[in-house]
Amino acid sequence: MSIAQAKRFTLDEYQKLTELGFFHEDDHIELINGELIQTVSKGKVHETCLRKLLRELPKLVGDRATLQSQAPITLPPNSEPEPDFAIVKNRDDNYLSAHPSPSDVLLVIEVADSSLSYDQDIKIPLYAKAGIADYWIFNLFDNYLESYSQLYQNSQGKHGYLNKRIVLPNQVISLPYFPDLSLDVSRILPIKLNF
């Protein structure tokens with residue numbers, strides 16, 4: 001009796017399938033550790049937080065960096081997540097030749113309600129292992145921002161962040177790499193969830 005094995009994809013295979021139109025825009029697929037992951041549909045609260053960030057982040061960042069929303073970041077050897085937002089270095093070709101790689105990424109931002117445990121348990125080690133120094137999660141359950149920084153790798157090879165800072169809705173946080181730019185978290189939160 002043979003046991004079925006799930007097909008794991010390399011970045012090259014995934015990118016070729018994407019270029020060939022194998023996936024539709026409505027599929028909401030990410031490549032995470034070689035697996036195709038279908039992201040969950042976003043609810044009203046999640047979308048409202050995204051809209052608020054879409055209003056605030058461009059004003060803050062201006063032309064000092066490039067802001068992308070729900071667009072791929074290439075994390076070799078086998079991941080290509082599409083975080084809610086990423087602030088990446090400006091590049092002359094505006095990333096026409098390739099998606100941003102870890103060395104291009106200044107900050108990754110996820111908005112989390114139903115995806116909170118996934119963003120904490122899967123995405124934290126994924127981004128940390130790739131060398132992305134700063135990761136934010138707008139935690140809609142607890143109504144605060146989780147700011148992760150200071151990469152580490154323990155003796156078992158696990159990657160993560162040494163520093164987790166909780167930023168409440170009445171507080172302000174500086175953007176990594178741009179200490180003169182700060183985000184008033186009250187302009188993004190509070191968003192009340194009714195469960």
Side-chain angles (χ1 to χ4, degrees), residues 6-9 11 14 23 26-54 57 68-87 100 102 105-171 173 175-176 183 185-186 188-195:
K7 166 69 174 137
R8 298 182 75 81
F9 293 87
L11 269 170
Y14 176 71
F23 307 113
D26 296 338
D27 287 343
H28 305 290
I29 300 286
E30 292 182 316
L31 180 68
I32 305 294
N33 297 320
E35 297 179 10
L36 298 178
I37 304 295
Q38 186 162 11
T39 58
V40 295
S41 296
K42 297 167 178 62
K44 291 178 192 167
V45 175
H46 191 284
E47 288 292 345
T48 298
C49 188
L50 290 178
R51 280 190 290 276
K52 288 181 172 188
L53 283 165
L54 198 52
L57 290 174
Q68 66 177 40
S69 178
Q70 298 172 345
I73 296 172
T74 300
L75 307 181
N78 58 1
S79 294
E80 197 167 270
E82 297 185 15
D84 289 318
F85 289 95
I87 299 174
V105 178
L106 305 176
L107 174 65
V108 169
I109 301 171
E110 297 280 10
V111 175
D113 44 16
S114 61
S115 67
L116 182 61
S117 62
Y118 186 77
D119 290 336
Q120 292 169 330
D121 300 340
I122 304 299
K123 295 280 183 85
I124 284 176
L126 178 75
Y127 292 136
K129 184 176 182 179
I132 294 173
D134 293 278
Y135 175 45
W136 289 1
I137 301 174
F138 279 90
N139 178 335
L140 301 182
F141 278 118
D142 297 310
N143 203 41
Y144 54 61
L145 168 63
E146 299 176 12
S147 171
Y148 295 90
S149 60
Q150 292 183 288
L151 297 167
Y152 80 86
Q153 179 181 357
N154 68 17
S155 58
Q156 290 81 35
K158 180 183 175 194
H159 292 82
Y161 297 93
L162 287 173
N163 185 26
K164 175 184 177 183
R165 177 179 167 206
I166 301 298
V167 185
L168 300 174
N170 62 347
Q171 295 179 315
I173 185 169
L175 267 65
L183 179 68
V185 178
S186 70
I188 311 303
L189 301 169
I191 296 174
K192 301 295 185 206
L193 294 179
N194 297 316
F195 294 108

Do you know the tightest heavy-atom contact between [X] and [Y]?
X: I124; Y: G160; result: CG2-CA, 4.3 Å
X: L116; Y: N139; result: CD2-ND2, 3.5 Å
X: P102; Y: P76; result: CD-CD, 4.3 Å
X: I137; Y: A112; result: CG2-CB, 3.7 Å
X: P81; Y: S79; result: CD-C, 3.7 Å
X: C49; Y: F138; result: SG-CB, 4.2 Å

side-chain contact (heavy atoms from CB on, under 4.5 Å) between F85 and L107, worked out = CA-CA 8 Å; F85 289 95; L107 174 65; over 6 Å; no
To the nearest 0.5 Å, how far apart are [atom1] in [X] and [atom2] in [Y]?
X: L183; Y: I173; atom1: CG; atom2: CD1; value: 8.0 Å
X: L53; Y: L189; atom1: CG; atom2: CG; value: 8.0 Å
X: L140; Y: D142; atom1: CG; atom2: CG; value: 9.5 Å

For N78, what residues pass the side-chain hydrogen bond (donor to acceptor under 3.5 Å, both in side chains) criterion, not counting sequence neighbours?
->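 N78 satisfies side-chain hydrogen bond (donor to acceptor under 3.5 Å, both in side chains) with no other residue.
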Does [Y] offer a backbone N or O that forms a donor-acceptor pair with the side chain of [X] under 3.5 Å?
X: H46; Y: V111; value: yes
X: N154; Y: Q156; value: yes
X: Q171; Y: L168; value: yes

For residues I109 and D84, determine if any side-chain heavy atom of one lies less than 4.5 Å from a side-chain heavy atom of the other.
->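 No, every pair of side-chain atoms sits at 4.5 Å or beyond.
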Could you check if a side-chain atom of P83 sits within less than 4.5 angstrom of a side-chain atom of I73, using non-hydrogen atoms only?
->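 They are in contact (side-chain heavy atoms under 4.5 Å apart), so the answer is yes.
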Looking just at side-chain N and O atoms, do [X] and [Y] make a donor-acceptor pair shorter than 3.5 Å?
X: Y152; Y: Q150; value: no
X: D119; Y: S115; value: yes
X: S186; Y: N170; value: no

For residues 127-137, which residue pairs qualify under side-chain hydrogen bond (donor to acceptor under 3.5 Å, both in side chains), counting only residues two or more places apart or in two chains?
->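 For residues 127-137: E110-Y127, W136-S147.
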Q70 vs L50, side-chain contact (heavy atoms from CB on, under 4.5 Å): CA-CA, chis, key distance, verdict = CA-CA 10 Å; Q70 298 172 345; L50 290 178; 3.4 Å; yes
Please test E146 against Y148 for side-chain hydrogen bond (donor to acceptor under 3.5 Å, both in side chains), starting from the C-alpha separation and ending with a verdict.
-> CA-CA 6 Å; E146 299 176 12; Y148 295 90; 2.5 Å; yes
Carefully, step by step, assess L145 and I166 under the rule side-chain contact (heavy atoms from CB on, under 4.5 Å).
-> CA-CA 6 Å; L145 168 63; I166 301 298; over 6 Å; no
